Amino acid sequence: MTMQETLTLLPDWLIWWFNWLVFAVAVLPLALLIWPQSRRVGVIAVFSSILTGAAVYGMFRQMGYVKLLGLPHLLIWGPLAVYLFRKQAKDAMPIVARWIIRVILVTLLISLAFDVVDVLRYILGERTPLGREA
């Protein structure tokens, strides 16, 4: 089963969340490239999302849609969230850029909360890939 096919098995609210997540972490950071003060933040956020997406997709190809897919989010987006938190507080950052960073940050924190739960569930033995349940 492809990742796209697997995603169609998820509840509607989760599909909506994934769509928002992709927008918030892959598209919204591009707006940060507008201001010189936020360009580095935008580049780091976009690069982190590309790296995370590649890691998740690679894991999916090897393991299927398992709870452990949250691990790359924890390893890459966890430090990114700390970085974004620090950057959004900088006085030199334009106010619109700060709010964009805050939207990205809140989205990441919500995603990371799901990911912590999922990775723990995987560690505790819930390893059946979605789409392969009995």
Side-chain angles (χ1 to χ4, degrees):
M1 200 178 257
T2 67
M3 185 176 267
Q4 194 66 24
E5 292 168 336
T6 303
L7 291 176
T8 64
L9 301 173
L10 298 174
D12 288 342
W13 72 270
L14 199 49
I15 294 170
W16 181 89
W17 172 253
F18 281 143
N19 288 331
W20 170 257
L21 184 64
V22 169
F23 173 77
V25 301
V27 177
L28 201 51
L30 295 173
L32 296 172
L33 302 177
I34 295 170
W35 302 277
Q37 303 92 324
S38 62
R39 282 191 187 129
R40 177 180 281 181
V41 176
V43 168
I44 289 171
V46 169
F47 178 74
S48 297
S49 294
I50 291 169
L51 186 60
T52 301
V56 168
Y57 185 72
M59 286 179 68
F60 175 84
R61 290 181 54 126
Q62 294 295 315
M63 306 172 78
Y65 192 92
V66 294
K67 301 281 183 195
L68 194 60
L69 293 182
L71 186 60
H73 296 149
L74 296 176
L75 297 176
I76 300 167
W77 284 349
L80 177 62
V82 172
Y83 175 75
L84 292 176
F85 179 77
R86 293 176 64 168
K87 290 299 181 178
Q88 62 84 32
K90 297 288 183 185
D91 288 335
M93 190 71 64
I95 191 70
V96 175
R98 283 188 201 183
W99 280 105
I100 291 170
I101 292 169
R102 290 172 184 158
V103 169
I104 297 166
L105 179 59
V106 168
T107 302
L108 286 177
L109 292 174
I110 292 168
S111 180
L112 290 170
F114 284 119
D115 294 328
V116 166
V117 171
D118 282 350
V119 169
L120 287 175
R121 287 171 70 178
Y122 184 87
I123 290 169
L124 295 172
E126 192 174 318
R127 298 194 174 152
T128 303
L130 180 67
R132 295 205 180 123
E133 295 93 355

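Note that the structure is predicted; figures quoted are calculated from it, not measured.
For R39, the side-chain hydrogen bond (donor to acceptor under 3.5 Å, both in side chains) criterion is met by no residue, not counting sequence neighbours. The salt bridge (charged side-chain N to carboxylate O under 4.0 Å, His left out) check on D12 picks up nothing, with sequence neighbours excluded. Taking the side-chain hydrogen bond (donor to acceptor under 3.5 Å, both in side chains) definition, one finds that Q4 meets it with nothing, sequence neighbours left out. Partners of F47 according to the side-chain contact (heavy atoms from CB on, under 4.5 Å) rule, which considers only residues two or more places apart in sequence or in another chain, are L51. Not counting sequence neighbours, the partners of P94 by the side-chain contact (heavy atoms from CB on, under 4.5 Å) test are W35, Q37, A97. Judged as a side-chain hydrogen bond (donor to acceptor under 3.5 Å, both in side chains), and not counting sequence neighbours, T8 has no contacts. Not counting sequence neighbours, the partners of E5 by the side-chain contact (heavy atoms from CB on, under 4.5 Å) test are M1, T2.
Rounding to the nearest 0.5 angstrom, the gap separating the CZ atom in R102 from the CZ atom in F85 is 9.5 Å. Remark: L84 CG to I100 CD1 distance equals 12.0 Å, nearest 0.5 Å.
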Could you pull out every donor-acceptor pair under 3.5 Å between side chains of residues 70-78 and any protein atom, sequence neighbours left out?
from : atom 1 : to   : atom 2 : distance (Å)
H73  : ND1    : D115 : OD1    : 3.2
H73  : ND1    : D115 : OD2    : 2.9
W77  : NE1    : T52  : OG1    : 3.4

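Within the structure, the side-chain hydrogen bond (donor to acceptor under 3.5 Å, both in side chains) test picks out the following pairs touching residues 16-31 (sequence neighbours left out): W20-T107. The salt bridge (charged side-chain N to carboxylate O under 4.0 Å, His left out) contacts involving residues 55-84 comprise K67-D118, K67-E126, where partners must be two or more places apart or lie in separate chains. Pairs of residues two or more places apart, or lying in two chains, that qualify as salt bridge (charged side-chain N to carboxylate O under 4.0 Å, His left out) and include a residue from residues 85-101 are D91-R98.
In this structure, I50 shares a hydrophobic cluster with L30, L33, V43, V46, the cluster being traced through Ile, Leu, Val, Met, Phe, Trp and Tyr side chains under 4.5 angstrom apart.
Considering every non-hydrogen atom in both A24 and L28, the closest pair reads O-CB, 3.5 Å. Looking at every heavy atom in both residues, L10 comes nearest to I15 through O-CD1, 3.6 Å. Of all non-hydrogen atoms in A81 and L109, the two that sit nearest each other are CB-CD2, 4.1 Å. Residues L7 and F18 share a closest heavy-atom pair of CD2-CE1, 3.7 Å. Pairing each heavy atom of R127 with each of V66, the nearest pair is O-CG1, 3.7 Å.
Linking ILVMFWY residues whenever their side-chain heavy atoms come closer than 4.5 Å, directly or via other members, places L9 and V56 in the same cluster. Cluster membership for V106 and W99, using ILVMFWY side-chain heavy atoms within less than 4.5 angstrom, is shared. Placement of I95 and V41 within a single hydrophobic cluster is found when ILVMFWY residues are connected by side-chain heavy-atom separations under 4.5 Å, directly or transitively. Note: the hydrophobic cluster containing V117 does not contain V119 (ILVMFWY, side chain heavy atoms under 4.5 Å, direct or indirect links). No path of Ile, Leu, Val, Met, Phe, Trp and Tyr side chains, each step under 4.5 Å between heavy atoms, connects V22 with M3, placing them in separate hydrophobic clusters.
Using a 4.5 Å heavy-atom cutoff, the side chains of M93 and S38 are in contact. For the pair V25 and L80, the minimum side-chain heavy-atom distance is 4.5 Å or more.
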Apply the test side chain to side chain contact (heavy atoms under 4.5 Å, CB included) to residues L69 and Y122: give CA-CA distance (whole Å), side-chain angles for both, the deciding distance (0.1 Å), then the verdict. CA-CA 9 Å; L69 293 182; Y122 184 87; over 6 Å; no
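Note: F114 and W13 have tilted aromatic rings, judged against thresholds of 30 and 60 degrees for the angle between ring planes.
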